[in-house]
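Chain identifiers are assigned alphabetically (A, B, ...) following the order of the sequence lines, protein sequences preceding nucleic acid strands; residue numbering begins at 1 within each chain.
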2 protein chains.
Amino acid sequence: MSSESSASSLDPITRLLDITGERWSFLILRDLFYGVRRFDALQKHLGISKKVLSQRLNSLVEAEMLIRVPYQERPPRFEYQLTAKGRDFFPVLVAMQSWSNRWLFSEGEQGALLIHSDCGQPLDTKLICSHCEGSVTPARIRPGKREQ
Amino acid sequence: MSSESSASSLDPITRLLDITGERWSFLILRDLFYGVRRFDALQKHLGISKKVLSQRLNSLVEAEMLIRVPYQERPPRFEYQLTAKGRDFFPVLVAMQSWSNRWLFSEGEQGALLIHSDCGQPLDTKLICSHCEGSVTPARIRPGKREQ
DNA sequence: AAAGTAGGTTTCTTTTTGCAACCTGCTATA
DNA sequence: TATAGCAGGTTGCAAAAAGAAACCTACTTT
């Protein structure tokens with residue numbers, strides 16, 4: 001149904017949202033990072049309807065974020081694994097989680113679920129330029145217009 | 001309408017998506033970072049219906065991501081500005097854009113709209129731990145369970 | 001033979017969208 | 001003074017998407 005994933009828009013964020021733009025897609029990807037890989041487990045953990053879960057998984061597979069892999073043959077059973085493309089989505093989810101922990105939780109409540117193993121601290125992140133390692137803030141960014 | 005924004009879920013990403021989980025919210029925030037601030041301009045630039053734009057702006061204002069500020073008095077006209085909370089959302093959008101540029105555009109097509117002023121390169125980012133500055137990848141993260 | 005399990009699909013009802021038309025307060029024009 | 005125009009919305013209605021629940025399939029266990 002959802003029409004061939006239009007490579008139409010030239011805006012990167014629009015194009016991303018064509019793939020993961022539905023709320024559930026983010027949560028499915030998050031669960032996969034947490035290690036939840038099976039249909040049944042995802043459905044129970046997320047509280048999503050089977051229909052929508054099925055649709056989202058299929059579209060994520062179509063988008064090559066996930067692959068459907070058999071984990072046993074008799075009876076045939078499958079799990080969903082992240083592809084390289086899917087794994088590289090991790091920073092987006094982490095950036096979301098960092099922002100959320102900073103702004104949406106009161107002290108004493110912190111929903112910090114992740115620990116950075118290198119330093120043992122609850123995960124809080126910042127973004128740096130992969131070319132110069134400098135910090136990336138709105139003020140240090142300018143549009144790189146095409147022609148219009 | 002949309003029921004009091006439940007501070008219900010303990011999961012940070014769920015909580016974030018309660019605020020910005022609708023596709024349009026991301027695009028509105030992106031446009032605000034690009035400097036598009038007025039109802040009319042947003043509506044035309046995004047191609048969104050006025051009703052939905054109005055709903056999304058109101059909920060973003062309610063969530064304190066935006067404030068509605070008069071820019072002239074006669075006739076009364078308003079624009080939407082990012083709050084500190086809203087501006088801090090920037091890394092999420094940038095992480096999205098970086099991922100999209102890496103995976104969703106072919107060579108020769110690159111939709112890179114942003115330049116990092118410090119080094120003059122098209123924006124590509126990576127995430128580091130704000131405590132130890134080490135890189136953050138799924139393998140270096142472990143769950144920091146609460147009790148359950 | 002009956003029940004259970006994983007992984008879905010189908011059907012139906014309720015919510016959300018998106019489009020178009022309308023409203024308001026004010027300004028500029030004829 | 002009337003008329004049109006513009007920014008910033010709201011209202012009403014039809015179409016699309018989501019959610020709940022029942023059903024299906026292929027095996028396994030009791």
Side-chain angles (χ1 to χ4, degrees), chain A residues 1-6 8-9 14 17-29 31-32 35-63 66-82, chain B residues 1-6 8-9 14 17-29 31-32 35-63 66-82:
Chain A
M1 301 315 104
S2 55
S3 68
E4 262 28 60
S5 51
S6 54
S8 47
S9 173
T14 301
L17 292 173
D18 284 345
I19 293 176
T20 58
E22 316 293 330
R23 174 195 173 86
W24 286 121
S25 300
F26 288 103
L27 296 174
I28 289 169
L29 290 168
D31 267 24
L32 289 167
V36 182
R37 282 191 259 276
R38 297 183 186 176
F39 192 93
D40 213 53
L42 287 165
Q43 198 243 316
K44 289 191 176 74
H45 189 237
L46 293 169
I48 186 178
S49 81
K50 288 178 161 198
K51 182 174 78 171
V52 177
L53 177 57
S54 181
Q55 288 172 350
R56 290 290 164 277
L57 287 171
N58 286 335
S59 73
L60 289 171
V61 167
E62 246 190 274
L66 266 43
I67 37 171
R68 185 167 176 270
V69 180
Y71 66 85
Q72 70 176 37
E73 296 209 331
R74 324 181 50 75
R77 290 288 179 268
F78 306 91
E79 61 178 28
Y80 293 86
Q81 295 179 2
L82 292 160
Chain B
M1 306 309 105
S2 55
S3 67
E4 262 30 58
S5 51
S6 53
S8 45
S9 173
T14 301
L17 292 172
D18 284 345
I19 293 177
T20 59
E22 316 295 331
R23 172 195 174 88
W24 287 121
S25 301
F26 288 103
L27 296 173
I28 289 168
L29 291 168
D31 267 24
L32 288 166
V36 182
R37 282 191 260 275
R38 297 184 186 175
F39 191 93
D40 215 52
L42 286 166
Q43 199 243 314
K44 290 190 175 74
H45 189 237
L46 293 170
I48 185 179
S49 80
K50 289 177 162 199
K51 184 172 80 172
V52 177
L53 177 57
S54 181
Q55 287 171 352
R56 291 292 163 274
L57 286 171
N58 286 336
S59 74
L60 289 171
V61 167
E62 246 191 274
L66 267 42
I67 37 170
R68 186 167 175 270
V69 181
Y71 66 87
Q72 71 176 36
E73 297 210 328
R74 325 179 50 76
R77 291 286 179 270
F78 306 90
E79 62 178 30
Y80 293 86
Q81 296 178 2
L82 292 160

Rounded to the Å, how far apart are [X] [atom1] and [N] [atom2]?
X     : N      : atom1 : atom2 : value
B/Q72 : C/dC26 : CD    : C1'   : 9 Å
A/F78 : D/dT25 : CZ    : P     : 17 Å
B/E79 : D/dG8  : CD    : C1'   : 13 Å
A/L66 : C/dG7  : CG    : P     : 14 Å
A/R37 : C/dA6  : CZ    : P     : 16 Å
A/L17 : C/dT17 : CG    : C1'   : 16 Å
A/F39 : D/dA26 : CZ    : P     : 17 Å

In this structure, CG of A/L66 is separated from CZ of A/R37 (nearest 0.5 Å) by 11.0 Å
Nearest-nucleotide pick for B/D40, side chain only, options being D/dA7, C/dG8, D/dT28
D/dA7
A/T14 side chain reached by B/L27 side chain, heavy atoms, under 4.5 Å:
yes
Answer whether the closest heavy-atom distance between the side chains of A/W24 and A/R56 falls below 4.5 Å.
yes
Taking for B/P75 and for B/W24 the nucleotide of DNA chain C with the nearest heavy atom, the one nearer the 5' end belongs to B/W24
So, do A/Y71 and A/F39 have ring centers that fall under 6.0 Å from each other?
no
OP1 or OP2 of D/dG9 versus the side-chain N and O atoms of B/Y80: is any pair under 4.0 Å?
yes
For the CD atom on B/Q72, are there more than 12 heavy atoms of other groups (residues, nucleotides or ligands in this structure) within a distance under 6.0 Å?
yes
How would you list all residue pairs meeting salt bridge (charged side-chain N to carboxylate O under 4.0 Å, His left out) that involve residues 40-55 of chain B, not counting sequence neighbours?
B/D40-B/K44
Per the under-4.0 Å heavy-atom filter, residues of residues 46-58 of chain B near DNA chain C come out as B/S49, B/K51, B/V52, B/R56
Scanning both residues in full, the closest heavy-atom pair of B/S25 with B/I19 reads OG-O, 4.1 Å
State, to 0.1 Å, how close B/Y80 and B/L57 come at their nearest heavy-atom pair, and which atoms those are.
CE1-CD1, 3.6 Å
Divergence of helical axes at both termini of the helix from C/dA1-D/dT30 to C/dA30-D/dT1 - five pairs an end, 10° steps:
10°
Select base, sugar-phosphate, or nothing to describe what [X] touches, counting heavy atoms under 4.0 Å on all strands.
X     : result
B/Q43 : nothing
A/R68 : sugar-phosphate
A/R77 : base

Check for a donor-acceptor pair, side chain of B/Q43 on one end and backbone N or O of B/I48 on the other, with a separation under 3.5 Å.
yes
